[in-house]
Amino acid sequence: MLLSEKPRVNSLVLDADSLIKNVTNAVVTRESTVRLLAVSLLAGGHLLLRDLPGVGKTLLARSLARSILGSFKRIQFTADLLPSDVTGSAVFRQAEGRFDFVPGPVFANILMADEINRASPRTQSALLEAMAEGHVTVDGQKHPLPDPFWVVATQNDLDEYGAFPLPRAQMDRFMMVLGLGYPDLAGQVQILERNQRGDPTVDPVLTTDRLKEMQQEVKAVQVAPLLREYIARLVVSTHSHPGLELGVSPRGAVHLQRASQAWAALDGSPFVLPEHVRHVAPLVLQHRLLPKSSASSQEVIEDILTSTPVPL
């Protein structure tokens, strides 16, 4: 055993459970999916939702923002969207004889970037700076974004007409990639019941200040040397795997460690276990891989998880 202390219920677990249950009161989806969203949020990593239209992605992001008393903005990405439509711009005030910065929709605690792959690479790069640096630069001036700042982007892979591929640098900025999927019959009936009198809403259960505290608590979750080596072995294995053209970056390794810490925190554990790493590894690593034509990212991840010895 790496550590013998047993998982325990603490304030982070209770607050995270309240957040997850609150969101599922509005969004009909698997609780396990919302839990993974909470992992991304608590780990401070941006999220990409690859899914079909109309399955509740915007409602999900809005409900999360409402649950933490945070600000929420949504940008519909289109081919004619300009970087200034995202970041904001300097406006000349004639009466005062000066330029004032008018913030764009990126200045929010939770930003919904809808159909992100429909924007031009130039506009995508503006969002990339915000995701990477936590600020935007307009006319040479840096403007810090709110804290916390979390991007939930969506991508519809079925309709490729008029879409631009996301640069690998931007894909690498997303901690995890998830999908909601269609609801089953019971879930569809539940959606109709909740929407009979309008869009469902939720009440706040946390604050942004409490969320920032929880994010710091996640960073304090212990990662033993053997676990760090295990994470490194998983990542390094992608660099020489015969089924891959391109493996996982060092940033991907950092994201895997942080996501494992967040999953351990939600599990009530003060330290990361191999099972925490293995649970989040496919969601953190898969979108960073460039497989050869004869392989799939999912198969490669499964092979690496199977072949890499687990520390005991």
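Fair warning: this is a prediction, and the values are worked out from it, not measured in the lab.
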Can you measure from CD1 (I231) to CZ (R258) and round to the nearest 0.5 angstrom? 10.5 Å
Indicate yes or no for a side-chain donor-acceptor contact from R288 to the backbone of F174 under 3.5 Å, with no hydrogens or angles considered. yes
Heavy atoms from other residues, nucleotides or ligands near CZ of R251 exceed 12 (cutoff 6.0 Å): yes
Sidechain-backbone polar pair: S63 side chain, V23 backbone, donor-acceptor under 3.5 Å: no
Taking D80 first and then R118, would you say they form a salt bridge - that is, a charged N and a carboxylate O separated by under 4.0 Å? no
Please round to the nearest 0.5 Å and tell me the distance separating atom CZ of R173 and atom CD of Q170. 9.5 Å
Gap between atom OG1 of T87 and atom CD of E129 - 0.5 Å precision: 8.5 Å
Quick one: ring pair (Phe, Tyr, Trp, His ring centres under 6.0 Å) partners of F149, sequence neighbours excluded? H46
Identify the two heavy atoms, one from P144 and one from H135, that lie closest to each other, and give their separation to 0.1 Å. CA-CB, 3.8 Å
Applying the 4.5 Å side-chain criterion to the ILVMFWY set and letting contacts propagate, would L41 and V202 be lumped into a single cluster? no
Distance-only, no hydrogens or angles: does the N195 side chain make a donor-acceptor pair with backbone N or O of L192 under 3.5 Å? no
Is it the case that the side chain of T33 and the backbone of T29 share a donor-acceptor pair, with hydrogens and angles ignored and the cut-off at 3.5 Å? no
Within the 4.5 Å heavy-atom criterion, are P291 and S296 side-chain neighbours or not? no
Could you tell me which non-hydrogen atom of L180 sits nearest to which non-hydrogen atom of G56, and how far apart they are? CD1-C, 4.0 Å
Do any N or O atoms from the side chain of S84 and from the backbone of S89 form a donor-acceptor pair under 3.5 angstrom? no
Under 3.5 Å: donor-acceptor pair, side chain of T308, backbone of I304: yes
Closest heavy-atom contact between L42 and A16? CD1-CB, 4.5 Å
Would you indicate whether the side-chain heavy atoms of N109 and W150 approach each other to under 4.5 Å? no
Taking ring pair (Phe, Tyr, Trp, His ring centres under 6.0 Å) as the test, write out the residues that go with F107, two or more places apart. F101
Does a side-chain heavy-atom distance below 4.5 Å link V277 with L256? yes
Considering residues, nucleotides and ligands other than R228, do more than 12 of their heavy atoms fall under 6.0 Å from its CZ? yes
How about R74 and P105: do any of their side-chain heavy atoms sit closer than 4.5 Å? no
Can you find a heavy atom in the side chain of W263 that is under 4.5 Å from one in the side chain of L36? yes
Exceeds 12 heavy-atom contacts within 6.0 angstrom, atom CD of Q141: no
Please identify each residue that fulfils side chain to side chain contact (heavy atoms under 4.5 Å, CB included) with R210, with sequence neighbours left out. S11, L12, D15, L206, T207, E213, M214, E217
Check: D114 and I75 side chains under 4.5 Å, non-hydrogen atoms: no
Out of curiosity, does V205 fall in the hydrophobic cluster containing V34 (side-chain heavy atoms, cut-off under 4.5 Å, transitive links)? yes
Steps toward side chain to side chain contact (heavy atoms under 4.5 Å, CB included) verdict (V152, K57): CA-CA 9 Å; V152 183; K57 299 183 291 294; over 6 Å; no
Do you know which of I68, T208, V151 makes side chain to side chain contact (heavy atoms under 4.5 Å, CB included) with I110? I68
Show the nearest heavy-atom pair for residues L227 and P274, with the distance to one decimal. CD1-N, 3.9 Å
Find the distance between CG (L211) and CG (L19) and round it off to the nearest 0.5 Å. 8.0 Å
Taking CZ in R197 as the centre, count heavy atoms belonging to other residues, nucleotides or ligands within less than 6.0 Å. Is the count above 12? no
Does D51 use its side chain to pair, donor to acceptor, with the backbone of G181 at less than 3.5 Å? yes
Evaluate E115 against Q155 for side chain to side chain donor-acceptor pair (under 3.5 Å), listing each step before the verdict. CA-CA 5 Å; E115 293 191 296; Q155 180 175 335; over 6 Å; no
Suppose we screen for salt bridge (Lys or Arg N to Asp or Glu O under 4.0 Å). Which residues come up paired with R62, at least two apart in sequence or across chains? none
Does V310 form a side chain to side chain contact (heavy atoms under 4.5 Å, CB included) with R278? I'd like the steps, not just the answer. CA-CA 10 Å; V310 178; R278 294 172 64 84; 3.7 Å; yes
Determine whether Q188 and Y182 satisfy the following criterion, side chain to side chain contact (heavy atoms under 4.5 Å, CB included), listing intermediate values before the conclusion. CA-CA 9 Å; Q188 186 63 72; Y182 281 136; over 6 Å; no
Rounded to the nearest 0.5 Å, how far does CG of L178 lie from OG of S40? 7.5 Å
Would you give the length of the straight line joining atom CG of L289 to atom CD of Q298, rounded to the nearest 0.5 angstrom? 11.5 Å
So does V248 get a backbone contact from the side chain of H239, meaning a donor-acceptor N/O pair under 3.5 Å? yes
Applying side-chain hydrogen bond (donor to acceptor under 3.5 Å, both in side chains), name anything that partners R98, two or more places apart in sequence or on another chain. D100
R66 side chain to D203 main-chain N or O, any donor-acceptor pair under 3.5 Å? no
Say whether, by atom type as modelled, one donor and one acceptor occur between the side chain of K292 and the main chain of P242 under 3.5 angstrom. yes
Using the ring pair (Phe, Tyr, Trp, His ring centres under 6.0 Å) criterion, which residues pair with H255? Sequence neighbours excluded. none
A side-chain contact here means heavy atoms from C-beta on lying under 4.5 Å apart; do D17 and R35 qualify? yes
